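The structure displayed is predicted, hence computed values, not measured ones. By convention in this document, chain letters (A, B, ...) are assigned in the order of the sequence lines, proteins followed by strands, and residues within each chain are numbered from 1.
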Amino acid sequence: MEPIVTRFAPSPTGHLHIGGARTALFCWLLARHTGGSFLLRIEDTDRQRSTKEFEDSILEAMAWLGLKSDQEPVHQSDRVDAHNAAIDRLLQEGKAYWCECTPDQVEAMRERARAVGAKPKYDGTCRERGLGPGEGRVVRFKTPPAGDTAFHDMVKGRVSWPNQELDDMILRRSDGSPTYNLAVVVDDHDMGVTHVIRGDDHVANTPRQILLYQALGWDIPKFGHVPMILGPDKKKLSKRHGALAVIEYRQMGYLPEAMINCLARLGWSHGDQEIFSSDELIEAFDPHGFGSSAAVFDMAKLDWLNSHYIKESTPKRLAELLKPYFQRDVQTGVKDAELFLGTGSRAQLAARVETVTLDYLERIIPLYQPRSKTLAEMAEAARFFVLGWEALEYDPKAVKKFLTEDTRPRLKEIAALLRGLKNFDEKALEETVKGYMEEHELSFKQIAQPIRVAITGKTASPGLFETMAVLRKNETVKRLLRAADLEQA
RNA sequence: GUCCCCAUCGUCUAGGGGUCCAGGACGCCGGCCUCUCACGCCGGUAACGCCGGUUCAAAUCCGGCUGGGGACGCCA
């Protein structure tokens with residue numbers, strides 16, 4: 001069997017969104033699974049709306065997801081000569097014709113058809129007139145007037161279309177440029193594409209393209225139309241549904257492997273398996289796993305997958321990915337910044353994060369791997385590790401509740417004890433604090449929260465001793481002492 | 001309006017005539033663990049859109065209905 005060739009063909013008129021990313025993933029997986037190749041074609045023939053920025057953005061998003069194409073991307077705009085050659089041949093063979101109807105006239109035809117409850121389409125006025133080239137004329141395809149065009153779809157099974165529904169589509173515009181359906185067929189043929197996987201919104205184009213393949217005498221590729229991805233309201237996913245561009249998910253702190261895993265399970269399944277590594281996907285990927293109904297994109301599931309992969313990842317990698325979030329945090333600001341009692345400020349965080357080493361971040365991360373859904377969330381929760389003791393922010397409610405007249409003196413005593421420790425590790429810390437409790441007949445619960453508020457400024461944090469160990473002795477003691485002297489608001 | 005496609009828990013889905021009073025996962029609820037928050041573990045909640053057929057037997061096959069989506073460009 002010939003090797004499979006798939007292709008992803010985005011138009012650079014916007015960022016790569018969820019639906020496009022999933023299509024690309026499926027194409028890539030089919031190629032990888034079968035040992036074939038995965039190609040990329042930039043459909044930039046709409047010069048009004050296509051931009052280099054969007055093209056770069058799409059490429060960047062695909063690189064982030066690890067969907068590399070096996071050859072340099074093809075630009076459709078570079079291929080007009082090939083498109084024109086095909087149109088000319090169709091013209092010569094009498095399979096296409098010149099038409100001088102104006103857009104207004106065609107619109108009137110459509111209106112007339114609509115009025116009698118028929119499909120709005122071009123009525124074939126110029127079809128048999130034998131017109132030649134001329135100013136303002138377009139080239140149209142002679143669609144067979146009767147019969148059906150059917151094909152076997154990899155996800156839908158048999159799909160059949162009445163030719164009557166298809167009007168004589170324009171192949172060449174009046175400005176001489178080739179149109180989409182023609183260009184796609186010529187490009188896919190020339191690129192040797194054997195399997196076309198694309199969104200459901202392209203099904204209606206398929207019979208037209210098949211007719212073109214037949215007219216040109218070319219082999220017809222296999223088609224697979226994957227169902228649309230819907231928003232929570234079950235409507236086509238759109239800007240209204242929040243962040244859609246794949247690169248935005250990266251900014252929000254999602255890991256590419258989580259995104260890939262999530263995308264793969266939208267419209268495709270493999271028994272009961274939910275977690276797939278890239279290699280597992282390649283291994284298991286089989287078009288038989290395609291589902292046929294539209295799917296709603298569920299952020300909650302992405303969160304779950306992401307927290308899973310955060311747990312699986314290494315602190316070293318996470319440290320590098322995390323650092324920018326502190327800096328971004330600095331730029332966008334934290335919503336409650338003013339509510340904190342401390343003198344901590346964005347500027348101070350900015351200054352601190354520059355001095356923080358990757359090594360320090362690497363020690364913080366294990367404490368947050370079990371408790372973070374995204375990197376952004378992780379950075380937010382770990383703020384207090386980065387801010388120095390003198391800039392630490394305190395939650396006023398926590399201070400009021402736990403740093404009381406009773407507890408503050410104890411923090412001082414504990415600070416003194418900890419200062420004497422020579423091994424500032426979890427075990428020693430626990431022994432010391434527990435020893436203090438026994439001596440003063442206190443329960444751990446009575447003293448844990450005051451300590452926590454003192455060293456983190458908050459009521460929720462990772463374990464006390466692991467937190468102190470990461471903070472190290474000097475920083476821990478300073479925080480304890482500062483909290484002990486805090487003025488009540 | 002015309003044509004095409006789709007229809008199992010709130011969501012993603014398994015299921016391709018009997019093994020399904022429908023399984024898994026996310027979410028949600030409850031419990032356990034526990035220094036807080038999480039993690040983890042245990043348990044629970046919840047679905048075959050409707051109506052007809054075919055069959056000894058239907059979530060699974062057929063038809064209709066309803067509902068949803070998509071396409072009807074000199075955009076891609």
Side-chain angles (χ1 to χ4, degrees), chain A residues 9-13 43-46 48-50 76 99 101-103 106-107 110 113-122 136-140 153 155-157 159-162 164-167 169-181 183-184 199-207 225 227-228 230 232 234-236 262 265-275 289 291-305 307 311 367-373 381 398 402 430 433 443-449 451-453 456 458-465:
Chain A
S11 61
T13 53
E43 309 218 316
D44 55 352
T45 49
D46 182 343
Q48 306 297 318
R49 297 189 298 147
S50 299
Q76 196 159 54
C99 165
C101 298
T102 64
V106 177
E107 186 45 44
R110 287 198 247 269
R114 240 186 291 261
V116 289
K119 165 102 176 174
K121 59 174 204 174
Y122 175 69
R137 291 182 184 176
V138 300
V139 175
R140 286 184 183 274
D153 191 282
V155 353
K156 295 178 182 303
V159 176
S160 176
W161 220 279
Q164 279 190 332
E165 283 294 311
L166 279 17
D167 57 0
M169 62 181 145
I170 290 177
L171 266 22
R172 176 184 290 159
R173 301 185 185 93
S174 54
D175 68 359
S177 61
T179 57
Y180 169 76
N181 278 118
V184 166
D200 212 351
D201 47 345
H202 279 290
V203 255
N205 287 322
T206 306
H225 293 90
M228 305 263 76
L230 276 22
K234 303 244 185 188
K235 296 265 190 263
K236 191 175 179 178
C262 190
R265 286 288 288 99
L266 269 183
W268 180 83
S269 63
H270 185 68
D272 283 339
Q273 190 170 348
E274 295 287 347
I275 304 285
S292 46
S293 52
V296 173
F297 178 65
D298 185 13
M299 282 287 282
K301 195 128 182 180
L302 210 214
D303 281 344
W304 172 69
L305 249 4
S307 60
K311 290 183 195 87
L367 312 197
Y368 285 99
Q369 280 177 289
R371 24 171 77 79
S372 304
K373 289 208 262 288
F402 294 107
E430 181 159 7
V433 174
S443 73
F444 191 45
K445 276 185 192 286
Q446 287 174 286
I447 201 68
Q449 283 305 74
I451 295 176
R452 188 184 314 281
V453 174
T456 72
K458 306 183 291 185
T459 53
S461 79
L464 235 35
F465 307 117

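- In textbook terms, a nucleotide whose glycosidic angle is within 90° of 0 is syn, while C48(B), being further out, is anti.
- In the displayed structure, Lys373(A) atom NZ is contacted under 6.0 Å by at most 12 heavy atoms of other residues, nucleotides or ligands.
- The ring-ring contact (aromatic ring centres under 6.0 Å, His included) test applied to Phe465(A) returns Phe444(A), not counting sequence neighbours.
- Between the side chain of Ser174(A) and the base of C74(B), at least one donor-acceptor pair of N or O atoms lies under 3.5 Å.
- Here the P atom of nucleotide C35(B) and the CZ atom of Arg371(A) are 13 Å apart, to the nearest Å.
- The phosphate of U36(B) has OP1 or OP2 within less than 4.0 Å of a side-chain N or O from Lys445(A).
- Applying the side chain to side chain donor-acceptor pair (under 3.5 Å) criterion to Thr206(A), with sequence neighbours excluded, gives Arg198(A), His225(A).
- The stacking criteria are not both satisfied for His225(A) over the base of G70(B), which would need a centre-to-centre distance under 5.5 angstrom and an angle between ring planes under 30 degrees.
- Residues passing the ring-ring contact (aromatic ring centres under 6.0 Å, His included) test with Tyr122(A): none are found, sequence neighbours excluded.
- Rounded to an integer number of Å, the gap from Met169(A) CE to A71(B) C1' is 14 Å.
- Distances shown here put every side-chain N or O of Arg137(A) at or beyond 4.0 Å from the OP1 or OP2 atom of C74(B).
- Here the nucleotide nearest the side chain of Arg452(A), chosen from C74(B), U8(B), U36(B), is U36(B).
- When the P atom is used for both G43(B) and G24(B), the distance is 10 Å, rounded to whole Å.
- U13(B) and U2(B) have their P atoms separated by 30 Å, given to the nearest Å.
- Only the C1' atoms considered, C50(B) is 16 Å distant from A58(B), to the nearest whole Å.
- When rounded to the nearest whole Å, the span between CG of Leu305(A) and C1' of C39(B) equals 17 Å.
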Once base and sugar-phosphate atoms are separated, protein heavy atoms under 4.0 Å mark nucleotides 15-25 of chain B, 5' to 3', with B, S and - as --------BBB
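- Rounded to an integer number of Å, the gap from CG of Leu464(A) to P of C35(B) is 11 Å.
- Between Asp167(A) and Lys119(A), none of the side-chain N atoms (NZ, or NE/NH1/NH2) sits under 4.0 Å from a carboxylate O, so this pair counts as no salt bridge.
- The CZ atom of Arg452(A) sits 5.0 Å away from the CG atom of Leu464(A) when rounded to the nearest 0.5 Å.
- Nucleotides G27(B) and A38(B), compared at atom P, are 13 Å apart to the nearest Å.
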Can you check nucleotides 1-5 of chain B for protein contacts, nitrogen or oxygen pairs under 3.5 Å, and list what you find?
unit_1 : atom_1 : unit_2    : atom_2 : d
G1(B)  : O2'    : Gly117(A) : O      : 3.2
U2(B)  : O2'    : Glu165(A) : OE2    : 2.8
C3(B)  : O4'    : Glu165(A) : OE1    : 3.2
C3(B)  : O4'    : Glu165(A) : OE2    : 3.4
C5(B)  : O2'    : Lys156(A) : NZ     : 2.8

Treating primed atoms plus P, OP1 and OP2 as sugar-phosphate and everything else as base, which nucleotides of nucleotides 42-48 of chain B get B, S or - for protein heavy atoms under 4.0 Å? -------
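- Regarding Leu171(A), its CG atom lies at a distance of 14 Å from the C1' atom of G73(B), rounded to whole Å.
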